[in-house]
Protein chains: 2
Amino acid sequence: MTVRSTCYRSPVRSLRVDAARNRAQLLAAAADEFAERGLDASVADIARRAGVAKGTVFRHFATKDDLIAAIVLDRVEALTASGERLLRADDAGAALLEFLHIAAEQRQQRDLSFLHGSATTDGVARAQGRLTATVDALVDRARDHGAVRDDVTGTDVFLLMCAPNYVTGYVPGAPPDLWRRYLAIIFDGLRPQGAHPLPVPPPS
Amino acid sequence: MTVRSTCYRSPVRSLRVDAARNRAQLLAAAADEFAERGLDASVADIARRAGVAKGTVFRHFATKDDLIAAIVLDRVEALTASGERLLRADDAGAALLEFLHIAAEQRQQRDLSFLHGSATTDGVARAQGRLTATVDALVDRARDHGAVRDDVTGTDVFLLMCAPNYVTGYVPGAPPDLWRRYLAIIFDGLRPQGAHPLPVPPPS
DNA sequence: ACCTGAACACCGTTCAAGT
DNA sequence: ACCTGAACACCGTTCAAGT
C-alpha cells in the first residue's frame, strides 16, 4: 500500500502538473528566502517569490515548520548519501574527517543553522535516524583504524557535527571557512592520542 | 558626567520607587517566562506575570530584544566575575576547566541558549568584551602552565565555550549534565598532547 | 483537485489619556 | 515621571468561494 495521507510528505507522484510546479517553486523560494533573511522570513514573501497566493503555501505544507522540515529533509538525505559514499574510502580516518568537512560546507553554503532546531517532522526524524546510522558506521571504521578514541560513539560525532558552524555563526566579519579551525580542534579531541576519560556516558 | 540617555541602560539610581520595582519584577518575570517557554514567550505574558500593563514593558525596554539583552547582560557579567576570581587559583589548567564548567552550568540552569544570538546591545557587546579579556587571561595562564596548546587563543575558547550546551540542547531525554561529556572532548582538543596544526588563523 | 484572497487570532510596538 | 489600555501593523493559519 502506498502511503498518501498527508500532502506534504515529499516528492510524490500523481500531483496535478500545476501543483507539482508550485510545490517545487515554493521549496526553492523558501530556501532562498531563508538563506537571505533567516528563518523568520515571512510566508507571504515566500509565496510572492514563488508566484502563488499565501493560501497555496499551506495547501502544500500544513505549517511553516513543515515547510522548513521539507528543506531540512533534503539536506539531511544529501548528507547521508555523501556519508555512504565515504564508507567505501580506503583511509577510514580521513573519510570521517572529510565527511565532517562536507557537513560543515553544506551548512555554510546556504544557511542551514536550523538543522538542529524546532522543525522536526516524523520524516526528518527518520532521515536523521538514517544519517546517524551512517555516522555510526563511519566512526566504527575510523575507530578500528585507530583514528578515533575508543570511548566515542557515532552519536557523539553526530551531535558534535554542527558545533563548528554554530561556534562561528555569530562572529561578525568571520572568513567563511573559519569553521575549519574549530572542526580541527574538536577532531583533535576525538583522536586517541592524549585522550582523558569521559565523565558521562553517551546518550541513547 | 553621568550618562542617562536611555532608560533601559542597567541598574540606574533615581528611578521612581514604583518604576524601580516594576523594572525588577519585569526582569524576573521575563527570565522565568523565557526559561519556561523559550525566547518567544509573549511580551503580554511577561507583563501579566510582572503585574503591569503591556505598555510598561516598552517604557523600560525599548524593544523585546532589549529586554532579552538586559538579562543576558546580567549573566555575562556574573560569568566575568567568576572568571576573574579563578584567575587567582593555583592550578591554571584546572582553573580554565572549572571556568568552562561554571559557564555551562549557568547556561543549563536557566535556559541561556540565547547568549549567542540576535539580542546584542552595545551594553552586551561591551560586557562580552570584558568577558573575552578575562577568558584571554585564563587561557594565557593555562598555556604558560602547559595545559593548553600554543596555537589556541582566548577568543577560540570564548567561542567554543557555548558548544557543549548547544550540542546537547536538542537531545530529547538527555540527562542535564550531558554537556560534561562534550566539554571533556573539546577540552581534550585544546590540550597540547597530540595537537595537529590548525588550518585557519583565529578571528579578530 | 487545486488555487485564491478575505478573514481571524495573535504578537510586538506606539501613543494619547490618565495619575 | 510613570502607567495604562486602546489602536496599529504584521504575521501564521483557516476557509468559503472560485476554476
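These numbers come from a predicted model, not from an experiment.
- C:dC11 atom P lies 7 Å from atom CG of B:Asp45, rounded to whole Å.
- Atom CD of A:Glu33 is separated from atom P of D:dC11 by 11 Å (rounded to the nearest Å).
- The CD atom of B:Glu33 sits 8.5 Å away from atom CZ of B:Arg48, with the distance rounded to the nearest 0.5 Å.
- Going from atom CD1 of A:Ile186 over to atom CG of A:Leu190 covers 8.0 Å, rounded to the nearest 0.5 Å.
- In this structure, A:His101 and A:Trp179 have perpendicular ring planes: the angle between them is above 60°, well past the 30° mark.
- Summarising the geometry, the separation between CZ on A:Arg59 and C1' on C:dT4 is reported as 12 Å, rounded to the nearest angstrom.
- The nucleotide D:dA17 finds no pairing partner, because no Watson-Crick or G-U wobble arrangement with both distances shorter than 3.5 Å includes it.
- Side-chain nitrogen and oxygen atoms of A:His60 include none within less than 4.0 Å of the OP1 or OP2 phosphate oxygen of C:dC2.
- Atom CZ of B:Arg126 is separated from atom OG1 of B:Thr121 by 9.5 Å, given to the nearest 0.5 angstrom.
- At whole-Å resolution of the value, CD1 in B:Ile68 and C1' in C:dC11 are 14 Å apart.
- Under 4.0 angstrom from either OP1 or OP2 of D:dC3 there lies at least one side-chain N or O belonging to B:Asn22.
- Remark: C1' of C:dC3 and CG of A:Leu15 are 14 Å apart, rounded to the nearest angstrom.
- Protein atom CZ of B:Arg21 is 14 Å distant from nucleotide atom P of D:dC2, rounded to whole Å.
- Between A:Phe61 atom CZ and C:dC2 atom C1' there is a gap of 14 Å when expressed in whole angstrom units.
- Remark: side-chain polar atoms of A:Ser42 are paired, donor with acceptor, to backbone N or O of A:Asp45 under 3.5 angstrom.
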Handout entry: Letter per nucleotide, 5' to 3', of nucleotides 12-19 of chain C [B base touched, S only sugar-phosphate touched, - untouched; heavy atoms, 4.0 Å]
Key = BBB-----
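- Once rounded to the nearest 0.5 Å, the distance linking CG of B:Asp188 with CG of A:Asp188 reads 10.0 Å.
- A donor-acceptor contact shorter than 3.5 Å links the side chain of A:Arg143 to the backbone of A:Val152.
- B:Val52 comes within 4.0 angstrom of the backbone, heavy atoms only, and of no base.
- In this structure, the CG atom of B:Leu67 is 15 Å from the C1' atom of C:dC11, given to the nearest Å.
- C:dC8 is paired with D:dG12 under the Watson-Crick or G-U wobble criterion, all donor-acceptor distances under 3.5 Å.
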